[in-house]
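Presented below is the structure to which this report refers.
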4 protein chains.
Amino acid sequence: MRKIDEAKRKLVIQAVFEITYDEGITNLSIGKIAKRAGVSKATIYVYFENKTDMLGKIYLEVKRLTDEGLSAKIDSSLPYKKRVRNGVEHFANRFISYPLQANFMRAVQANPSEVEPEILKSSEKLAQPIMDLFNEGVEKGYWITNDQRIVISILFSPIAQLIEYYFKKGQSVPEKQLTEMLDILVNSLVE
Amino acid sequence: MRKIDEAKRKLVIQAVFEITYDEGITNLSIGKIAKRAGVSKATIYVYFENKTDMLGKIYLEVKRLTDEGLSAKIDSSLPYKKRVRNGVEHFANRFISYPLQANFMRAVQANPSEVEPEILKSSEKLAQPIMDLFNEGVEKGYWITNDQRIVISILFSPIAQLIEYYFKKGQSVPEKQLTEMLDILVNSLVE
Amino acid sequence: MRKIDEAKRKLVIQAVFEITYDEGITNLSIGKIAKRAGVSKATIYVYFENKTDMLGKIYLEVKRLTDEGLSAKIDSSLPYKKRVRNGVEHFANRFISYPLQANFMRAVQANPSEVEPEILKSSEKLAQPIMDLFNEGVEKGYWITNDQRIVISILFSPIAQLIEYYFKKGQSVPEKQLTEMLDILVNSLVE
Amino acid sequence: MRKIDEAKRKLVIQAVFEITYDEGITNLSIGKIAKRAGVSKATIYVYFENKTDMLGKIYLEVKRLTDEGLSAKIDSSLPYKKRVRNGVEHFANRFISYPLQANFMRAVQANPSEVEPEILKSSEKLAQPIMDLFNEGVEKGYWITNDQRIVISILFSPIAQLIEYYFKKGQSVPEKQLTEMLDILVNSLVE
DNA sequence: AATGAATGAGAGTTCATTCAT
DNA sequence: TATGAATGAACTCTCATTCAT
């Protein structure tokens, strides 16, 4: 009775990231993953129940990775505006640091039928610290609007879009451009 | 000789929109399209060369539909800020008016491997009026930044995201919320 | 009420010859024939009942073409050996003069399932003059063997094979080589 | 892990032979093969990359089968004429012993577009011993002609044609007839 | 645990043929 | 007569998954 080979599992996950980047999640098949990871197709079923389960589990791992360390960044000892800025910046930096993972995350979000609905739901909970931060600001009247959807959409979508744009070109976002956008976004929403 | 049954062709395209919405572009197959449209699989190949060609052609039709009438809306006789606001509003209204089409457009953009690269390229040209409007503002110093990518990302991504959010829930964006967001976005960028 | 367009029919038949040569009878489809002939697929069904009927009719036409003039060549006023030699030479020359047609003929003979069995049967009758010539020689004791199958196989197969060999290389049989082979064959069988 | 079921692979190959005989190589489809062999269509793709690869591999196996043992038959200790006769007889006997395989071989040769060109090329090398035998005879002045193509065509085509003729009628070549033809052919070419 | 073999279901596509004009 | 539209059947091939070792 052997233990699960963790290294092999990681090869599989890496293969998923790479194929999703190279060919799109549409062309992501078990056969291709196995070949790229250098394992047998059947081996993948040792680690995951099925394809949907696999994508869901990987998605959650990525989500955890991108959220990790967020709380520290929005530490309440800082001025409110700074905390918001730090929160957004955290995700920007994470996406830039883990481009393949971020790309996979976007692909799943754009094709939610690939994973179980509950996976997406549970993943939303990971953003709870950001929600708390928002609510705190609402109570204190820091926001230009009290509509959470508006704030979230404005704070994150443009950043994500910008990072994706450069990533697809095989480049990284210029530091200056990212800073400029962050400033504009935060200033437009927080007093 | 028989004339092309335009109604039948439209049924096919409608089926593409519906399946993409219901099951995702990942699960969009010729077989499903034919079944939903009530035609033979082979008939689809009368209208389109192959699946890639089909998605590309439909994508361009949708693009044309959403861009249609844009120029009139950003008529140069209006104040600059109003023109920008009208331009963004145009797309927002179009996406809301044609939710299935907008959803399909997003799906293709998120899975570009589904269509020929040149299709995406040629579709970008349709947005030229918006680019011209931006450049005009740059010359006249109306923008808070001269970085086109920043402006485009901020103006369109949050709107698109908001509309998609409600659409996925089977709802339409509340008028008030949309107006509020438009105001915030335009105000944050244009003097 | 128009008459059948004989020119169009010939274009179809020519297309059949060309495709059979370029891609093999295996890849001969109604669609390709129509495209190459510059007519509609449906038009082919004006001239022929179906694909099998078409191949059969064309086959018979080719057969007639290759046999045409045979009788004159084996005219009974000549010495017997000369008559045999002329008969074989006739086919050799015909195959060389009509290479595409000969190639089509071989293709059908090698794939008899493509035509109705009766077509093949009726086509055999066209070779009657040769049979008569053989039988005449049997009676007079001119042949080294009285086995008809042996004679026919030896007289025609090597010639056909040689011509095909050069044809496939895009060349014509060297005159001298053909003459040499004819001499050997006829000498080996006729006193 | 499971071992390849060699019996199953043989069933597939046998099905190919049978269908090619019953319906012609034109009507040989993966679906029919699978059904006749009693395996799944997908299983065939475990053994072969694709249809072309399959036909090519089977063709080479057959070629090897028919050539096997040739060298021993044309052993140099025998008189030259006997060696030639043995060589031709070898193929005749092989074709008679393996009629379905021989039929498949002919079908592929008549429809070379069904396999990769290199397959045909590499298969020609198997006939090298015969070429060597011919060349030896040329040097020693044993042949009536020094033209290789003529010799090969005369020695093999009539035999092949005769065997095919009887095979198509579901019969075997009468021993006496075959012997008679062999004698005529060899005598006509070798001193 | 790991994997090559095996497969039913379904993918996209082409086929010969008929329909409607 | 002539033909573009339309289609059911069949095509080759790939899929995610399970089997057997």
Side-chain angles (χ1 to χ4, degrees), chain A residues 1-6 8-9 26-34 38-54, chain B residues 1-6 8-9 12 26-35 38-54, chain C residues 1-6 8-9 27-34 38-55, chain D residues 1-6 8-9 12 26-35 38-54:
Chain A
M1 179 174 72
R2 276 173 277 171
K3 272 203 289 189
I4 272 204
D5 187 337
E6 196 55 38
K8 221 163 246 181
R9 190 179 189 272
T26 307
N27 299 302
L28 183 67
S29 74
I30 297 287
K32 276 185 192 166
I33 296 166
V39 303
S40 164
K41 272 186 287 179
T43 306
I44 294 176
Y45 288 84
V46 174
Y47 304 134
F48 305 102
E49 285 174 45
N50 52 44
K51 195 186 174 186
T52 302
D53 173 64
M54 178 186 74
Chain B
M1 69 181 163
R2 221 144 104 185
K3 271 202 187 150
I4 259 228
D5 187 338
E6 200 55 46
K8 212 166 256 182
R9 191 180 188 272
V12 169
T26 309
N27 298 299
L28 183 67
S29 77
I30 298 288
K32 279 182 189 166
I33 296 166
K35 191 167 280 178
V39 303
S40 164
K41 274 191 289 176
T43 305
I44 294 174
Y45 288 85
V46 174
Y47 305 139
F48 306 103
E49 283 174 44
N50 51 46
K51 194 186 174 187
T52 303
D53 173 66
M54 177 186 77
Chain C
M1 177 172 75
R2 277 174 277 170
K3 272 203 287 186
I4 271 204
D5 186 338
E6 196 54 40
K8 219 162 248 182
R9 190 178 189 274
N27 299 301
L28 183 67
S29 74
I30 297 286
K32 275 185 192 164
I33 296 166
V39 303
S40 165
K41 271 186 287 178
T43 305
I44 294 175
Y45 288 85
V46 175
Y47 304 134
F48 306 102
E49 283 174 47
N50 52 45
K51 195 186 175 188
T52 303
D53 172 66
M54 177 185 74
L55 295 182
Chain D
M1 69 182 162
R2 221 145 104 185
K3 271 203 187 150
I4 259 226
D5 187 339
E6 200 55 46
K8 213 167 256 182
R9 191 180 188 273
V12 169
T26 309
N27 298 299
L28 181 67
S29 77
I30 298 288
K32 279 182 190 166
I33 296 166
K35 189 166 282 179
V39 303
S40 164
K41 275 188 288 177
T43 304
I44 294 175
Y45 289 87
V46 174
Y47 304 140
F48 307 102
E49 284 175 44
N50 50 47
K51 194 185 174 187
T52 302
D53 173 65
M54 178 185 76

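Throughout, a chain's letter reflects where its sequence line sits, starting with A, and its residues are numbered from 1.
For D:V46, the side chain to side chain contact (heavy atoms under 4.5 Å, CB included) test picks out no residue, with sequence neighbours left out. Judged as a side chain to side chain contact (heavy atoms under 4.5 Å, CB included), and not counting sequence neighbours, the contacts of A:S29 are A:K32. Contacts of A:T26 classified as side chain to side chain donor-acceptor pair (under 3.5 Å), with partners at least two apart in sequence or in another chain: B:N111, B:E114. The salt bridge (charged side-chain N to carboxylate O under 4.0 Å, His left out) test applied to B:D5 returns no partner, not counting sequence neighbours.
As rounded to whole Å, 22 Å separates atom P of E:dT18 from atom CG of B:D5. Between the C1' atom of E:dT14 and the CD1 atom of B:I44 lies a distance of 14 Å, rounded to the nearest Å. Going from atom CZ of B:R9 over to atom P of F:dA6 covers 11 Å, rounded to whole Å. Regarding A:E6, its CD atom lies at a distance of 13 Å from the P atom of E:dA1, rounded to whole Å. To the nearest angstrom, C1' of F:dT14 lies 14 Å from CD1 of A:I33. Following rounding to the nearest Å, D:I4 (CD1) and F:dA20 (P) show an atom-to-atom distance of 16 Å. In this structure, the CG atom of A:D53 is 14 Å from the C1' atom of F:dT17, given to the nearest Å.
Under 4.0 angstrom from either OP1 or OP2 of F:dG4 there lies no side-chain N or O belonging to B:K8. Between E:dG8 and D:K35, no contact under 4.0 Å exists linking OP1 or OP2 to a side-chain N or O.
For C:V46, the side-chain atoms get nearest to F:dT3 when compared with the rest of E:dA2, F:dT3, E:dA5.
Here the closest non-hydrogen pair linking C:S40 and C:A34 is C-CB, 3.9 Å. Summarising the geometry of B:K51 relative to B:L28, their closest heavy-atom pair is NZ-O, 2.7 Å, with the distance given to 0.1 Å.
A 4.5 Å side-chain heavy-atom check between C:L55 and C:F48 finds every atom pair outside the cut-off.
With rounding to the nearest 0.5 Å, the separation of CG in B:N50 from CD1 in B:I30 is 8.5 Å.
Heavy atoms of A:Y47 sit under 4.0 angstrom from primed sugar atoms or phosphate atoms, though from no base atom.
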Collect all protein-nucleotide pairs involving nucleotides 8-12 of chain F in which both atoms are nitrogen or oxygen and the distance is under 3.5 Å.
from: F:dG8; atom 1: N7; to: B:S40; atom 2: OG; distance (Å): 3.2
from: F:dC11; atom 1: OP1; to: D:S29; atom 2: OG; distance (Å): 3.1
from: F:dT12; atom 1: OP1; to: D:K51; atom 2: NZ; distance (Å): 2.9
from: F:dT12; atom 1: OP2; to: D:I30; atom 2: N; distance (Å): 2.8

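In DNA chain E, stems built from 3 or more consecutive Watson-Crick or G-U wobble pairs, each with both distances under 3.5 Å, span E:2-21 with F:2-21.
With a 6.0 Å radius and a threshold of 12 heavy atoms from other residues, nucleotides or ligands, A:E49 has its CD atom at or below the threshold.
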